[in-house]
2 protein chains.
Amino acid sequence: MDNHVLSQRPALHAEQVLIKAMLAGSFPPGSVLPGERSLAAQLGVTRPTLREVLQRLERDGWITIRHGKATVVNDFWRDGGLNVLSALVRYGEQLPDGFIPNLLEVRLALAPAYTRAAVTRSAAVVAELLNRSDDLDDVPEAFAAFDWQLHRTLTICSGNPIYTLILNGFAGFYEQMARLYFAQPEARASSRSFYAALRGAALSGDAGEAERVARQVLAESIALWQSGAARYHWEER
Amino acid sequence: MDNHVLSQRPALHAEQVLIKAMLAGSFPPGSVLPGERSLAAQLGVTRPTLREVLQRLERDGWITIRHGKATVVNDFWRDGGLNVLSALVRYGEQLPDGFIPNLLEVRLALAPAYTRAAVTRSAAVVAELLNRSDDLDDVPEAFAAFDWQLHRTLTICSGNPIYTLILNGFAGFYEQMARLYFAQPEARASSRSFYAALRGAALSGDAGEAERVARQVLAESIALWQSGAARYHWEER
DNA sequence: AGTCTTAACTGGTCTGACCAGTTAGCAGGA
DNA sequence: TCCTGCTAACTGGTCAGACCAGTTAAGACT
């Protein structure tokens, strides 16, 4: 157990150590955690502090706490909540195989639906936001930030708040992942023309067309990423 | 502030009171919470207990805590996580307008995708599970339980764990909502034939057909619900 | 051998003190 | 007068150790 004295806050340190241990398999699913008193001592924090951390971890589905029984470690891929993703990105040694394609696949399933709804309900707001896409610098950071803002706006305008709640599960690492994707010039070009097409659809109030162009660019993004990743590995040799 | 002495655990009581207050608008978005010492006293718990609750609430996006500053209440529809839904169902006085249609819409966006993936990757497992659908009693409870298990299995078999993490956000109230939906005999009939069709697609390994029948029955479910036959009100439980 | 008590786990809560950021207000200087 | 800068009083963060409350298995009793 790593209990180096760090400059971090004790609670943050404890959470980080615990999550890393679970990600690394030091606490396999189904195993039980040491008692709170013992675990707190190992982590170099006191029990109240540890408990705050454990409560948060339970809320995210990492562990299951039961009064009188030992705390058990869950299989976070089976029982975890959406928040495990941000922990995975923040604390994981490396991203799981296919992580980005999986993200893109889920986005492909969801975004066309909320894009259509957003254009149906609030075409003006969507079009207004897309006006700014003309001024985007041709750098990954600008595209990543704009893309996040776009999806966030679309889910909000969709009128179905559940889309927003789901998207919030990706807050904090969406931009980070998007910067990798938009490192490819073709990706930026693809999205730039998508923004223009979507604005056109919004201006003419054509929700069906908005859904179509969204689905098309998102499907294209998966192919783009996989060709880019392949090229990257190829050049690595 | 409701601080009745309840038979519940202090932490659970405090969480329930706080969430109900935020749902009812007693703590509007943007407002600040009383200090922990004062709030703990009002709720009839001690500060460490209150803090455990606040940490959980922050993790779900209800509030934002910053060292040295007052804790602020978020707009949970804008900044919350998926977990707010289960709190909404559990503690809300009544479900928001369009809550069930919104759920069905999100399911319509997601389920066809993971159904296709599941049949592509693990047709046998899917088909095996669907065999049991023949024996389903024609009662809402049986259909609700089976439908949940089916979707859970499909997301797991899809090979994209992110679908599972999203679905987990609906655990605990999916069945409850589904019982309302399946109170309609036509809904049970519709799903029963869907199960059969999906099994057929799985047995023949036709992922495209699986996606199609899934999309069809899910779209149909929205129409069925909105036809109004199932407008049970919120009082049971 | 079976049943019941009990002790020793586990997590849950309380107490009150002190540490650590933040900020408004007041004192002192330019 | 105005600005600077210290200070005090907030806020949340952590610590310490005690005690309460479920769970369970070992041991005592029948």
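Side-chain atoms are counted along with the backbone in the values below, which use heavy atoms only and exclude waters and symmetry mates. Because the structure is predicted, anything quoted here is derived from the model rather than measured. Letters go in sequence order (proteins before strands), and every chain restarts at 1.
Every salt bridge (charged side-chain N to carboxylate O under 4.0 Å, His left out) that B:Glu58 has, sequence neighbours left out, goes to B:Arg66. For B:Ser133, the side chain to side chain donor-acceptor pair (under 3.5 Å) test picks out no residue, with sequence neighbours left out. B:Glu52 pairs by the salt bridge (charged side-chain N to carboxylate O under 4.0 Å, His left out) definition with A:Arg51, not counting sequence neighbours. Partners of A:Arg47 under the side chain to side chain donor-acceptor pair (under 3.5 Å) rule, at least two apart in sequence or in another chain, are A:Glu36. Partners of A:Asp75 by side chain to side chain donor-acceptor pair (under 3.5 Å), not counting sequence neighbours: none found. Checked against salt bridge (charged side-chain N to carboxylate O under 4.0 Å, His left out), B:Arg78 has no partners two or more places apart in sequence or in another chain. Applying the side chain to side chain donor-acceptor pair (under 3.5 Å) rule to B:Thr155 yields the partners B:Thr164; only residues at least two apart in sequence or on another chain are considered.
Pairs of residues two or more places apart, or lying in two chains, never qualify as salt bridge (charged side-chain N to carboxylate O under 4.0 Å, His left out) while including a residue from residues 16-32 of chain A.
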At a cut-off of 3.5 Å, list every protein nitrogen or oxygen paired with a nitrogen or oxygen from nucleotides 14-19 of chain D, distance to 0.1 Å.
| residue | atom | partner | partner atom | Å |
| --- | --- | --- | --- | --- |
| D:dT14 | OP1 | A:Pro10 | N | 3.4 |
| D:dT14 | OP1 | A:Ala11 | N | 3.1 |
| D:dC15 | OP2 | A:Thr46 | N | 3.2 |
| D:dC15 | OP2 | A:Thr46 | OG1 | 3.1 |
| D:dC15 | OP2 | A:Thr49 | OG1 | 3.0 |

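Listed by residue number, B:Ile65, B:Arg66, B:His67, B:Gly68, B:Lys69, B:Ala70, B:Thr71 are the residues of residues 61-71 of chain B with a heavy-atom contact under 4.0 Å to DNA chain D.
Boundaries of the chain B contact region on DNA chain C are C:dT13 to C:dT23, first to last in 5' to 3' order (nucleotide atom under 4.0 Å from a heavy atom).
Less than 6.0 angstrom separates the ring centroid of A:Phe146 from the ring centroid of A:Tyr195.
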Contacts under 3.5 angstrom, residues 98-114 of chain A side chains, donor-acceptor by atom type, not counting sequence neighbours:
| residue | atom | partner | partner atom | Å |
| --- | --- | --- | --- | --- |
| A:Asn102 | ND2 | A:Gly98 | O | 3.3 |
| A:Glu105 | OE1 | B:Asn160 | ND2 | 3.2 |
| A:Glu105 | OE2 | B:Tyr163 | OH | 3.3 |
| A:Arg107 | NH1 | A:Asp147 | OD2 | 3.2 |
| A:Arg107 | NH1 | A:Tyr174 | OH | 2.9 |
| A:Arg107 | NH2 | A:Ser221 | OG | 3.4 |
| A:Tyr114 | OH | A:His151 | ND1 | 2.6 |

